[in-house]
Protein chains: 4
Amino acid sequence: MPIGPTTTDVRTQRKNDRRRSIVEAAARLFAEHGFADCDMECVAGDLGIAKGTLYLYFPGKVELFRACVDWGMAEMQRVVFEAAQGELPPFRRLARSIRAYLEFFDQNPQYVELLIQERAMFRDRKRGTYFEYREGIRADFRSIYGQLVADGTLRNDLPLDRLLDAVGAMLYGTMLVNNAMGRAISSDEQYDAVMNTVFGGLVTTAGQEKLRETLKPV
Amino acid sequence: MPIGPTTTDVRTQRKNDRRRSIVEAAARLFAEHGFADCDMECVAGDLGIAKGTLYLYFPGKVELFRACVDWGMAEMQRVVFEAAQGELPPFRRLARSIRAYLEFFDQNPQYVELLIQERAMFRDRKRGTYFEYREGIRADFRSIYGQLVADGTLRNDLPLDRLLDAVGAMLYGTMLVNNAMGRAISSDEQYDAVMNTVFGGLVTTAGQEKLRETLKPV
Amino acid sequence: MPIGPTTTDVRTQRKNDRRRSIVEAAARLFAEHGFADCDMECVAGDLGIAKGTLYLYFPGKVELFRACVDWGMAEMQRVVFEAAQGELPPFRRLARSIRAYLEFFDQNPQYVELLIQERAMFRDRKRGTYFEYREGIRADFRSIYGQLVADGTLRNDLPLDRLLDAVGAMLYGTMLVNNAMGRAISSDEQYDAVMNTVFGGLVTTAGQEKLRETLKPV
Amino acid sequence: MPIGPTTTDVRTQRKNDRRRSIVEAAARLFAEHGFADCDMECVAGDLGIAKGTLYLYFPGKVELFRACVDWGMAEMQRVVFEAAQGELPPFRRLARSIRAYLEFFDQNPQYVELLIQERAMFRDRKRGTYFEYREGIRADFRSIYGQLVADGTLRNDLPLDRLLDAVGAMLYGTMLVNNAMGRAISSDEQYDAVMNTVFGGLVTTAGQEKLRETLKPV
DNA sequence: CATGAATGAGTTTTCATTCAT
DNA sequence: TATGAATGAAAACTCATTCAT
């Protein structure tokens, strides 16, 4: 009996591909028109399929929307994590992640839009998808921050959580403001501003010596 | 003909009072239920008036909503400006404004909600009300920042606009994150975090000496 | 201060009149097309009003339908009760009620239809409206039957409940069969049949001798 | 060419078996959820086959439903007929049939449900399946009733049709009422009640004297 | 000015039926 | 034969807005 993909495998695969392509189209359209003003007809039309078909892949409009946000945030998380991999000094890994974060939202502005839509629409969900993924990222980066405090690169007079908060708020704010202003500022410039200000402030004087290279503009 | 308030004046006054009270109720309700889930009936009901009456004061739902956001942002601007008044050193005035900003949104979370609603709903409007008022504030504070750069308190190796951007992004991010996390952190702590990080980074070493008092926790 | 109808009274009155006329039209249409095949548009159209207006008077299609059945059964109950009033011997009152029941459904076949619709549609409701009203009628007639048993008119070898059941089943069956056959038999004839059989018995006195064994309880 | 079941016969046989098993499942499910709330998916799922397969055996949902009702009524007719067979006195055969009828619906309440569903759904069909089969039964029993009138067991002052109507209505009503009340009364008791009332009459001999006027035709 | 009844366009969702594989 | 993915028509319900009183 030959080993190979079973019918079920193929079907599952096909179904996943389809879900994926629906999510991609929907993410774009939800971002373009807003959740309320993008009806299922519109998504189906864009994909060239019938309205009813969408319901074979997602239970309803809300779930489709959630899948879009989730997909985007998973992407973002992946990109940020990947940037932190490799045999590099901790601050370097941190910096690369920050850059990755800003670039991700700069290149995928539709996900900024979806975050806002989600926040506006579902005020009941405790925090929204962004903040769920943020928790994951935060947990993973905590150790890096810990190392940097331990080796004297970062200030040790602030609780680790405040430190993480500060960087998180700065990045969130930067991402949103930039998006609102029509991406007038390149992600390079954004990166410089964040590094110069937040880390200019968080890094010790001694640390600044050590990081001269890393902190300077790209 | 007697001098005094004319009938017209009285009418205008009364109309404005009415508009004002409608805006207050609507702001609360839009924030509570969201723009889409707060219907005109709901606003009218809360005020104890008929639905049709709302249309005597506002052309439509959207305009009423905009009036709410506008009202809130004007309040915010006023509060921030007021904090900057008085015979105080420039950095002091800056710090007081920042504190006022954070406190305003902490005490009026409904306006955070409205900002998010507006952003989500009206993606066509170039930037939204927050960013229009932000421009006004920014213009007014530019001179303060200029003074602080000139007198060596703030770093002069960054363009003034980047400096303003950095503070703005940090504040916007802090306000939103705090709101999303359920205001788990007091505005005092938020203030400290912002001052310690952003200004810890922006202030020169020399400047830090001078500002020792101002920068330290409240 | 003059005594007279207040604005509220007038409004309530008007609202009730409207509800009433909607129920009348809806009862007719639900009966004609069936619950499933009679959409709200159809009811509204028949009344010359907009679909949305229906929702000002009834929360939804189901409630409108229920109001129709309820209205009809209340009418039926009223008619049956009224027939039992007056200074007449008990059996006479009973007979008049039975006649009234059969005539009511003969003249208002739409209510037969609605009863069937309800039964088919809402299998979850314990019994349906007919059987709720039936309970009321039954309770009221129990005393008449009691008198007739006591004075020796009716057999006393059957529990009162079985007696009531028997008459009830006969009437229900007669009403439904007659309706299903297209009202081929006049309510006069139906009445005769019921009285002659249920009360008179089909078996002759002589026959009863012969059937003693067969007729007696199993 | 060999004599024996041809390929075609085998196929036909298999097809019929399949139809049969589909009808059984569908009857159960239509009765449980109602025609409208039992979709083809649900029937297919219960049988462990694909939705499309149903359409190989029945042209559509309605035809499947009709087949269910038809199947049930044919069963009922068979059971009632069988009970009337044998070398027994006519009234005995009649009584056995009545008992069989009541027992059938008591033990197969799903068919009561289907009758109601059919009646509610297809008001256009002249009478519905029940009444078609009823005609058959009626025709067959007419001769029994005739004998009983002829031999003086049953009253001869009523047209034979009225007599048949009366028994039919009583049985139909009893079956439906009993079903609606949640089968609170055993089919034994139902049987007794029918026999006692319709055939025995509720009014005592003495009572009949008194009611001569009231009971006689209007 | 105030009212609130009436409107009707607009959207989500369901499901019988089809048909390519 | 059997499958099950795709279709698209149909219908309940909502709510901003209007307007006669």
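Naming convention: chains lettered A, B, ... in sequence-line order (proteins, then strands); numbering from 1 in each chain. From a predicted model like this one, the values you see are computed outputs, not experimental measurements.
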Whole Å only: how far is the [atom1] atom of [X] from the [atom2] atom of [N]?
{"X": "A:R14", "N": "F:dA5", "atom1": "CZ", "atom2": "C1'", "result": "9 Å"}
{"X": "D:D37", "N": "E:dC15", "atom1": "CG", "atom2": "P", "result": "8 Å"}
{"X": "C:K61", "N": "F:dA11", "atom1": "NZ", "atom2": "P", "result": "8 Å"}
{"X": "B:L64", "N": "F:dC15", "atom1": "CG", "atom2": "P", "result": "16 Å"}
{"X": "C:F65", "N": "F:dA12", "atom1": "CZ", "atom2": "P", "result": "14 Å"}
{"X": "C:I22", "N": "E:dT7", "atom1": "CD1", "atom2": "C1'", "result": "14 Å"}
{"X": "D:M40", "N": "E:dC15", "atom1": "CE", "atom2": "C1'", "result": "10 Å"}
{"X": "C:E41", "N": "F:dA9", "atom1": "CD", "atom2": "C1'", "result": "15 Å"}

Is the NZ or CZ atom of [X] positioned over [Y]'s six-membered ring, under 6.0 angstrom from the centre and within 45° of the axis?
{"X": "A:R66", "Y": "A:F122", "answer": "yes"}
{"X": "C:R119", "Y": "C:Y130", "answer": "no"}
{"X": "D:K61", "Y": "D:F35", "answer": "yes"}

Nearest of [options] to any side-chain atom of [X]?
{"X": "D:Y55", "options": "F:dT3, F:dA5, E:dT17", "answer": "E:dT17"}
{"X": "A:T53", "options": "F:dT1, E:dT3, F:dT7", "answer": "F:dT7"}
{"X": "D:D39", "options": "E:dC15, F:dA5, F:dA2", "answer": "E:dC15"}
{"X": "C:L56", "options": "E:dT7, F:dT3, E:dC1", "answer": "E:dT7"}

For [N], the Watson-Crick or wobble counterpart (both distances under 3.5 Å):
{"N": "F:dC13", "value": "E:dG10"}
{"N": "F:dG8", "value": "E:dC15"}
{"N": "F:dA20", "value": "E:dT3"}

Using a 4.0 Å heavy-atom cut-off, does [X] contact any base of the nucleic acid, only the sugar-phosphate backbone, or nothing at all?
{"X": "C:Y57", "result": "sugar-phosphate"}
{"X": "A:R18", "result": "sugar-phosphate"}
{"X": "A:K51", "result": "base"}

Quiz item: On DNA chain E, nearest-nucleotide positions of A:E63 versus C:L54: which is more 5'?
Solution: C:L54
Quiz item: Starting at the 5' end of DNA chain F, which residue's closest nucleotide do you reach first, A:I49 or B:A36?
Solution: A:I49
Exercise. Indicate yes or no: at least one non-hydrogen side-chain atom of C:N108 is less than 4.5 angstrom from one of C:E75.
Key: no
Exercise. Indicate the atoms forming the closest heavy-atom contact of B:A26 with B:V43, along with that distance.
Key: CB-CG1, 4.1 Å
